Asks: 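Just passing along the structure, written as structure tokens.
Here the structure is a predicted model, which is why all the values come from computation and not from measurement.
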Amino acid sequence: MSTAPDFRLPDTDGAEHGPDGVTVVVFTCNHCPYALAWHERLLAVASDYADRGVRTLLINPNDAERYPRDSLDAMRERVASEGPWPAPYLRDSDQAVARAYGAQTTPDVFVLDAERRVRYRGAPDSDHGDESAGAQWLRDALDAVLDGRDPDPAETDPVGCSVKWRS
Amino acid sequence: MLGEECLDPQAVEVREVPTDETAEREGFVGSPTIRIDGRDIAPTEGEPVGLTCRVYRTRDGSVSPVPDREDLRDALRRHHEHST
């Protein structure tokens with residue numbers, strides 16, 4: 001069980017956030033169809049588990065120079081038009097956090113326990129195209145961690161668009 | 001689906017768009033882009049050219065990384081009607 005790197009990243013209002021207690025870290029973005037397809041399910045998890053002390057952090061690591069739709073301004077516009085969201089939307093402008101976590105896709109989900117150990121990593125659920133799948137893999141992982149059990153599975157293959165790395 | 005529509009599956013050409021320059025030259029707005037005789041099956045306006053994933057809407061309004069199968073089928077049929 002590896003320990004996840006600590007970080008502080010700014011949200012769309014400039015406030016900084018990082019892991020604190022049981023935390024769901026989601027690498028995501030504005031334009032990937034997989035990220036968009038899973039977005040509402042991930043927000044539902046953030047909302048449903050907030051009162052159990054779970055913090056959810058949405059992180060956009062994509063190269064905004066080549067992909068202006070992932071710029072901080074575009075993130076702000078999205079939150080303004082769709083929000084408020086139950087989780088802050090953070091900008092990883094130098095991609096250091098995404099690299100430190102080994103993020104591969106948008107989305108790529110990590111569940112950290114209170115000691116910042118990675119307890120689950122992968123996709124939110126089995127099918128981006130099925131709303132009823134309900135981010136169940138993520139929910140099961142959170143239930144396990146909150147109940148003091150090991151998630152099963154603890155890892156699935158992340159599914160989505162590749163993180164758009166700076167060249 | 002091509003077989004169902006009496007079209008030749010061998011006529012499908014898969015082309016990789018590996019660079020920004022190629023994307024610019026091809027007017028490529030994201031993967032996957034499906035064209036029939038050069039015409040996009042789901043034309044968009046104002047989409048920026050680039051190496052990105054393409055967002056489609058299925059007929060039930062969901063976001064999808066691929067076009068709705070029935071939209072593809074309709075495009076194939078439209079093309080078939082216009083070319084015969």
Asks: Can you find a heavy atom in the side chain of A:T56 that is under 4.5 Å from one in the side chain of A:W85?
Replies: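 Not touching, per the 4.5 Å side-chain cut-off.
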Asks: Within the supplied structure, the quantity of interest is the number of heavy atoms (other residues, nucleotides, ligands) at a distance under 6.0 Å from B:R69 CZ; does it exceed 12?
Replies: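 Atom CZ in B:R69 is not packed in, count stays at 12 or less.
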Asks: Would you check, one step at a time, whether the test salt bridge (charged side-chain N to carboxylate O under 4.0 Å, His left out) holds for B:R73 with B:D68?
Replies: CA-CA 9 Å; B:R73 191 185 301 278; B:D68 192 294; over 6 Å; no
Asks: Only heavy atoms, only distances under 4.5 angstrom. Which residues in residues 58-84 of chain A are near chain B?
Replies: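 Those residues of residues 58-84 of chain A which have a heavy atom under 4.5 Å from chain B are A:R66, A:Y67, A:R69.
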Asks: Kindly check if the number of other-residue, nucleotide or ligand heavy atoms within 6.0 Å of CZ (B:R15) is above 12?
Replies: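 It does not: B:R15 CZ has 12 such atoms or fewer within range.
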Asks: Is there a side-chain contact between A:L112 and A:V118, using heavy atoms and a 4.5 Å cut-off?
Replies: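 The answer is yes, as the side chains (C-beta and beyond) meet within the 4.5 Å cut-off.
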Asks: Please indicate whether B:E24 has more than 12 foreign heavy atoms, meaning atoms of other residues, nucleotides or ligands, lying under 6.0 Å from its CD.
Replies: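 No, CD of B:E24 has 12 or fewer neighbouring heavy atoms, counting only those of other groups under 6.0 Å.
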Asks: Would you please go through residues 30-60 of chain B and name the residues with a non-hydrogen atom below 4.5 Å from one of chain A, in numerical order?
Replies: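 Result: B:E47, B:P48, B:L51, B:T52, B:C53, B:R54, B:V55.
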Asks: Can a side-chain donor-acceptor contact be found between A:T156 and A:Y120 if the only test is distance below 3.5 angstrom?
Replies: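 The answer is yes; a qualifying pair exists.
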Asks: Applying side chain to side chain contact (heavy atoms under 4.5 Å, CB included), name anything that partners A:P5, two or more places apart in sequence or on another chain.
Replies: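 A:P5: side chain to side chain contact (heavy atoms under 4.5 Å, CB included) contacts with A:A100, A:Y101.
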Asks: Go through the atoms of A:H31 and report whether side chain, backbone, both or neither lie under 4.5 Å from a heavy atom of chain B.
Replies: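 It is both, since atoms from each part get that close.
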Asks: Is A:R149 close to A:D143 at the side-chain level, that is, under 4.5 Å between some pair of heavy atoms?
Replies: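 When only atoms from C-beta onward are counted, A:R149 and A:D143 do touch, with a gap below 4.5 Å.
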Asks: Sort by residue number and list every member of residues 157-165 of chain A having a non-hydrogen atom under 4.5 Å from chain B.
Replies: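 Counting heavy atoms that sit under 4.5 Å from chain B, the residues of residues 157-165 of chain A involved are A:C161, A:K164.
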Asks: Counting only N and O atoms by type, is there a donor-acceptor contact under 3.5 Å from the side chain of A:D92 to the main-chain atoms of A:A96?
Replies: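 Indeed, once roles are kept as given, a pair shorter than 3.5 Å links the two residues.
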